[in-house]
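Everything below concerns the one structure shown next.
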Amino acid sequence: MSPYKCSRKAILAQFPEKRIEEIINRHGLPENTDQTITGKDELYRALRSVREQGYAIDRGEMIDGVAGVGASIATTDTVYGAIAAYGPINEIQPNIESETLPTLVKEQAQAVRDDIVFDSLG
């Protein structure tokens, strides 16, 4: 499985460049579809975008015709994972463009992150 569908892009965006390089060197950037990111420069541009907007988008990178949105679950010290929502691209795309789905995914990731932080305090 590739390291850069939307949930994995959301996770990668939390890592320092050295760690990202290690992951790329270990797994490569294999092409799954015509939309798959296969170049380092393109991946780094996508990761900058993920950091700016707080979520990642997959528009058919893993599976043709399937789109998704993912947001990382991370604290200052630890990346725990990500939450993502996927569906048929023709049905989900309007919800991505309207920011409805990205907002919901980010809110759910934040809720899990808050639970992790509060549980660690108790």
Side-chain angles (χ1 to χ4, degrees):
M1 222 163 168
S2 84
Y4 42 86
K5 66 182 188 176
C6 73
S7 58
R8 292 186 177 160
K9 280 192 291 190
I11 292 168
L12 280 177
Q14 298 298 313
F15 293 148
E17 187 172 334
K18 181 179 178 187
R19 179 70 178 122
I20 295 168
E21 286 292 324
E22 291 170 355
I23 292 168
I24 292 170
N25 290 337
R26 182 174 184 184
H27 298 282
L29 296 172
E31 183 176 341
N32 294 312
T33 72
D34 291 342
Q35 301 303 312
T36 302
I37 295 172
T38 57
K40 281 186 185 182
D41 291 342
E42 185 181 2
L43 177 61
Y44 280 108
R45 279 192 299 277
L47 296 179
R48 278 192 299 277
S49 178
V50 171
R51 288 181 197 109
E52 290 170 8
Q53 55 193 17
Y55 61 90
I57 299 174
D58 172 355
R59 289 185 176 93
E61 292 174 44
M62 282 295 295
I63 302 169
D64 282 322
V66 176
V69 176
S72 66
I73 301 167
T75 61
T76 306
D77 302 327
T78 306
V79 179
Y80 293 94
I83 290 180
Y86 276 87
I89 200 164
N90 61 333
E91 294 178 23
I92 207 168
Q93 189 63 36
N95 292 312
I96 292 172
E97 297 305 323
S98 71
E99 296 286 321
T100 303
L101 190 57
T103 298
L104 290 172
V105 170
K106 287 190 324 184
E107 286 172 352
Q108 292 307 307
Q110 181 64 46
V112 173
R113 187 172 28 252
D114 290 349
D115 285 346
I116 290 167
V117 170
F118 291 127
D119 282 349
S120 70
L121 297 175

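We're numbering straight along the sequence, starting at 1. In this text, all values refer to a predicted model and were calculated from it rather than measured experimentally.
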inquiry  = For a quick test of reading the model, state the closest non-hydrogen atom pair linking Glu31 to Thr36 and the distance between them.
reply    = CA-CG2, 3.9 Å
query = Distance from Arg51 atom CZ to Gln53 atom CD, nearest 0.5 Å?
reply = 12.0 Å
request  = Would you name the heavy atoms of Ile89 and Ala67 that are closest together and state the gap between them?
outcome  = CG1-CB, 3.6 Å
ask   = Hey, what do you get for CZ (Arg8) to CG (Leu12), rounding to the nearest 0.5 Å?
value = 9.5 Å
message = Can you tell me how far apart OG (Ser98) and CD (Gln93) are? Round to the nearest 0.5 Å.
response = 10.0 Å
note = Here the gap from Arg19 atom CZ to Glu22 atom CD, rounded to the nearest 0.5 Å, amounts to 5.5 Å
message = Looking at every heavy atom in both Tyr86 and Asp58, which two are closest together, and how far apart are they?
response = OH-OD2, 3.2 Å
key: Minimum heavy-atom distance Leu101-Ala85, with the two atoms named   = CD1-CB, 3.9 Å
message = Let me confirm one number: the OG1-CD distance from Thr75 to Gln14, rounded to the nearest 0.5 Å.
response = 9.5 Å
key: Approximate separation, where rounding is to 0.5 Å, of Glu42 CD and Leu47 CG   = 10.5 Å
query = Does Val50 belong to the same Ile/Leu/Val/Met/Phe/Trp/Tyr cluster as Leu43, with side-chain heavy atoms less than 4.5 Å apart forming each link?
reply = no
note = By side-chain hydrogen bond (donor to acceptor under 3.5 Å, both in side chains), Gln108 pairs with (sequence neighbours left out) none
message = Within the 4.5 Å heavy-atom criterion, are Ile23 and Phe15 side-chain neighbours or not?
response = yes
key: Closest approach of Ala56 to Lys9 (non-hydrogen atoms, all atoms of both residues)   = CB-CB, 3.8 Å
query = Should Lys18 and Glu21 count as an ion pair when the cut-off is N to O under 4.0 Å?
reply = no
ask   = Are the side chain of Ser7 and the backbone of Ala82 linked by a donor-acceptor contact shorter than 3.5 Å?
value = no
request  = For Lys40 and Ile24, work out which heavy atoms get closest and say how close.
outcome  = CE-CG2, 3.9 Å
